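So the structure is just underneath, and the comments pick up after that.
Source: prediction; values computed, not measured. Only heavy atoms go into these numbers, but all of them, side chains included; no hydrogens, no water, no symmetry mates.
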Amino acid sequence: MGSGDRSMLVRICDPVGRPRGTGFVADDRGTVVTSHEAVDGLLRLVLHGTGDRSCRIEADAITALPELDLALVRTGGLDVLGVDPLPIVLRDRIEAGTYVRIAAHGWREARVLGVAPVTYTATDRSYRVGAAMELALGTDGRDALRLRGAAVGGPVLDPDSGAVIAVVGTALRCEHNAAGFAVPLVGAGTDAPLDALLRRNATTVPGYGRDLNLAGALQLAAMSIGAAGGPGARPDPVERPDITAEFTAFTAAGERPEVVLGLVAEPGTGRTTELAALAARRARGCDPALTLWLRGADLLADDASVADAIARTLGQAGRIVTAAGAGGDMATATPERVARLAADSGRPLLVLLDGPEEMPPVLAHRLDRWTAGTVDWLRSNGARLVIACRSEHWETAGALCPPGALHRPARPARRLPAAVRLGELTASQAQRARERYAIPADALAPGHDRHPLTLRLLAEVRAALPGDMAGRPDTDDVFGAHLDLMCLRIAVRIAAASRPALRGTAVRRLAARVTGQVHEAARRCLGPGQGELDRAAFEEIFPWRTGWASAVLTEGLLVPAGAGYRFAHEELGDWVQGAHLDLDRALRSLVHRWHEEDPGGGARAAEERVPAQRSPRTSRRASADSERGQVQGADAASGAMPSREPHTLPVPRHRIGPVIQALLLLGRRQGAAALSHRLADLIEAMDRLSTRTDDPAAAARRQSTGIPTAAAGPHGGAARPGGAEDAGPLLDASWWAAHLLSQTLLRVPDAGPHVEVLRLLAGRIVRRSGAEGGAGGRRAPVMSRPARGIADTRWGRTPSSDRGSGCGCGCPRRTGSTCCGGWYLRTARHGETGGTATATADRAGPSHVLTRVGTAARSGSWMWWPGGSSPGPGPCSPCSAAGSPMSARCPPRTVWRCGRPSPPPRRRSSTPVVTSPSTI
């Protein structure tokens with residue numbers, strides 16, 4: 001309310017209509033606060049609100065507080081009188097000389113002279129009121145403060161915030177003459193009904209400025225939550241009890257050192273939806289809790305802690321409520337004050353940080369200082385922080401948290417700092433989700449019917465179709481159909497705003513144009529930054545003046561994020577961007593250039609930028625200019641120092657999504673063999689990178705120039721203070737190779753066509769474990785029998801039907817790459833002929849013998865023994881026949897794949913072990 005709006009007051013009359021005074025509504029129940037003088041001696045009242053609304057009040061609805069010269073009148077709800085409630089100040093002391101406003105023949109300005117003890121004389125007796133506020137008023141309004149004057153029971157308002165300070169009483173007397181008195185509401189006493197009313201007012205009636213209360217803080221925080229999910233945001237259709245239990249335990253009241261909870265999830269698994277459901281649960285009920293929503297894009301490069309982002313979010317919300325008519329200085333809503341209000345209410349402030357990967361690159365490379373400042377602020381102000389991110393970000397960010405700061409869940413995520421893992425829906429949860437989305441049980445392909453984003457987007461597609469869908473689409477089909485649907489809806493909006501309006505075929509052609517622009521936006525998201533589309537590029541692709549931008553944002557395909565725009569669904573954005581990624585160039589920049597023996601590779605690598613964009617032929621020059629201007633240089637990502645090192649930042653590890661989608665797209669378009677070639681190359685890269693070390697001189701130059709390198713996670717090297725972890729280029733390349741390989745293999749629809757890659761990987765794991773002394777460095781592991789009965793491992797030749805097009809020996813590699821040889825670990829069914837088996841081949845060197853030893857016969861394990869003298873390194877027979885020297889096609893570090901040298905010596909152990917002809 002404005003402080004001069006008399007229509008926000010309640011008029012109080014006796015049953016025959018004679019005025020007795022005024023009052024104001026103070027809570028969400030419609031309780032009216034007035035002076036005791038206005039109701040003294042009456043058994044019935046008539047209250048008049050806005051317009052023609054009025055109600056009759058019986059004596060049992062009046063709570064008289066004559067010792068305070070106050071009365072509380074219950075009306076039954078806000079809609080009875082139609083009067084908005086007013087906030088009450090939280091200050092227990094008003095300085096003398098403060099100017100206030102009272103309703104005395106219109107709103108007039110009065111001055112507080114001080115506080116004095118007064119006596120209130122009611123119809124039955126006199127009451128001593130401890131301290132009343134003495135007011136000075138001009139001559140025009142002085143008559144209203146006389147006994148039974150028009151001002152009786154009216155509120156005394158703060159002119160800035162519009163909050164109620166006191167209630168005017170005309171029957172208050174003191175030892176000296178005074179123009180008038182008012183009874184302050186805060187600090188007036190410890191009366192239970194009044195205290196309960198003040199608590200309800202603080203939690204249900206927003207107050208701002210100096211009189212910011214919990215309800216005002218809730219209103220400011222709610223604006224950050226309302227815009228968090230973007231258009232079309234909806235709660236999760238099913239509840240996940242394990243996630244809810246962890247949230248409940250983490251947000252419980254009480255002081256504790258654990259102030260950060262990590263929620264780790266892959267895109268599309270409902271990470272943002274779970275945060276929205278948490279915020280909704282905390283906002284419901286009679287005891288709402290403060291929850292503030294932030295996105296990583298809301299962070300700035302110079303932020304010292306999360307408090308800086310909270311301050312900006314509160315300031316933006318304050319400008320919105322000020323434009324809506326609220327009073328008060330919104331700059332007083334500081335993060336510390338809001339956190340203190342939440343702590344005083346018994347439920348700590350909860351900050352939800354969604355997608356911290358979107359933070360500026362400069363801030364990401366001093367993440368340790370930001371994390372330390374954030375934890376200090378949270379502990380100092382009794383607040384909590386939930387970080388929802390990808391595992392690639394959390395493996396570094398979580399390791400940077402100070403000891404004891406992380407909440408440890410009952411079932412923590414594996415191989416990561418303490419965090420809650422959010423995955424696919426369970427079978428029962430997926431069934432309930434399908435029921436609520438009205439999706440038949442057989443509507444999706446097996447293996448895709450538990451993915452939350454797939455279910456949600458399929459529901460939207462089905463709702464837009466006139467009949468049932470035929471077939472059983474997978475996630476890729478659903479993504480494609482949803483993207484087509486969104487582009488069609490955008491085209492319909494643009495066509496409706498066009499003059500003349502477009503119809504029929506013209507709309508379909510417009511939808512095709514929209515689709516092309518969406519793909520162009522995805523291509524540009526592969527450029528500088530953290531995967532966002534900057535404002536200039538957004539307006540170039542979707543001009544505001546033609547209505548394209550508003551249509552795209554209204555449909556929610558892209559949403560504002562910080563200083564740019566992003567795809568509303570991260571997984572869908574990665575899926576579209578993967579179609580425009582130059583995969584081979586990206587793999588070389590991220591992985592292969594760090595192990596290839598190319599004297600000029602370093603110079604060329606200085607000019608490479610990743611992710612690389614596939615540019616249309618019509619825009620090659622623009623694409624080249626864009627590449628030269630990118631800040632995600634792969635050199636800086638790895639720390640390589642050319643002669644003149646560019647000041648670039650590394651490729652963020654969370655940008656692995658488009659690369660994985662590009663690999664999966666390669667398998668769908670060109671077949672499993674093409675994908676297997678790339679995966680085998682990644683295995684070879686891990687082999688080669690494991691034998692190399694970072695250049696100490698390059699590391700020293702990196703530190704001297706202050707250029708950050710890629711962050712190292714708990715499994716990629718220890719995270720070091722300084723924000724830019726000095727992981728080194730080879731360690732970072734190994735991380736990319738391992739994660740690209742593992743995540744791609746986990747996502748392929750059928751692993752059967754990639755069995756040779758899996759065998760190569762299994763062999764590498766066994767050899768690496770044996771070389772490092774087994775688990776814990778004590779012994780090598782035993783190849784135990786899997787559940788399907790696979791027990792024995794032998795060396796065999798790649799079947800001729802599965803051989804690749806490399807050097808001719810059957811290696812699963814494309815032509816021109818290093819020969820891998822035709823040997824692999826072949827699995828034999830349990831029960832196959834045991835004893836001694838000999839593996840021979842048409843190549844130089846003796847055979848090797850598989851012999852059961854000790855208790856291995858019972859477990860089905862094998863141990864390698866040399867079958868003769870060890871030959872020297874040399875090329876394989878097909879390479880020799882082709883005239884290829886060993887140095888060109890069979891380098892010594894991979895000669896085990898072709899020349900098959902002798903295996904390592906037998907390990908003396910009581911436990912059967914599996915060794916191999918080489919050590920990675």
message: Whether Arg53 and Asp79 form a salt bridge (side-chain N of Lys/Arg under 4.0 Å from carboxylate O of Asp/Glu) is what I want to check.
response: no
Sorted by chain and residue number, the salt bridge (charged side-chain N to carboxylate O under 4.0 Å, His left out) partners of Glu358 (sequence neighbours excluded) come out as Arg295, Arg566
When Ile88, Thr34, Leu185, Val164 are each screened for side chain to side chain contact (heavy atoms under 4.5 Å, CB included) with Pro155, the one that passes is Val164
Side chain to side chain contact (heavy atoms under 4.5 Å, CB included) with Leu90: of Leu212, Asn201, Asn213, only one passes, and it is Asn213
Distance col, row Leu353:CG vs Trp293:CH2, nearest 0.5 angstrom, shows 10.5 Å
Separation between CG (Leu341) and CG (Leu290), nearest 0.5 Å, reads 7.5 Å
In short, ring pair (Phe, Tyr, Trp, His ring centres under 6.0 Å) pairs touching residues 302-343 with sequence neighbours left out are none
Problem - Arg312/Asp298 ion pair, N-O < 4.0 Å - result: no
- request: Please lay out, stage by stage, how Phe181 and Asp69 fare under the test side chain to side chain contact (heavy atoms under 4.5 Å, CB included).
  value: CA-CA 11 Å; Phe181 290 95; Asp69 190 19; over 6 Å; no
Value for CG (Leu385) from CG (Leu261), rounded to nearest 0.5 Å, stands at 9.0 Å
From the list Val32, Val25, Thr204, side chain to side chain contact (heavy atoms under 4.5 Å, CB included) partner of Pro85 resolves to Val25
Check: Is the charged tip of Arg125 near the ring of Tyr127: under 6.0 Å from the six-membered ring centre and within 45° of its axis?
Finding: yes
One thing to verify: whether Asp158 and Arg210 come together as a salt bridge, which I'm taking to mean a side-chain N less than 4.0 angstrom from a carboxylate O.
yes
Exactly one candidate in Arg128, Glu37, His36 meets side-chain hydrogen bond (donor to acceptor under 3.5 Å, both in side chains) with Tyr120; the answer is His36
Val420 and Pro409 have their tightest heavy-atom pair at CG2-CB, 3.7 Å
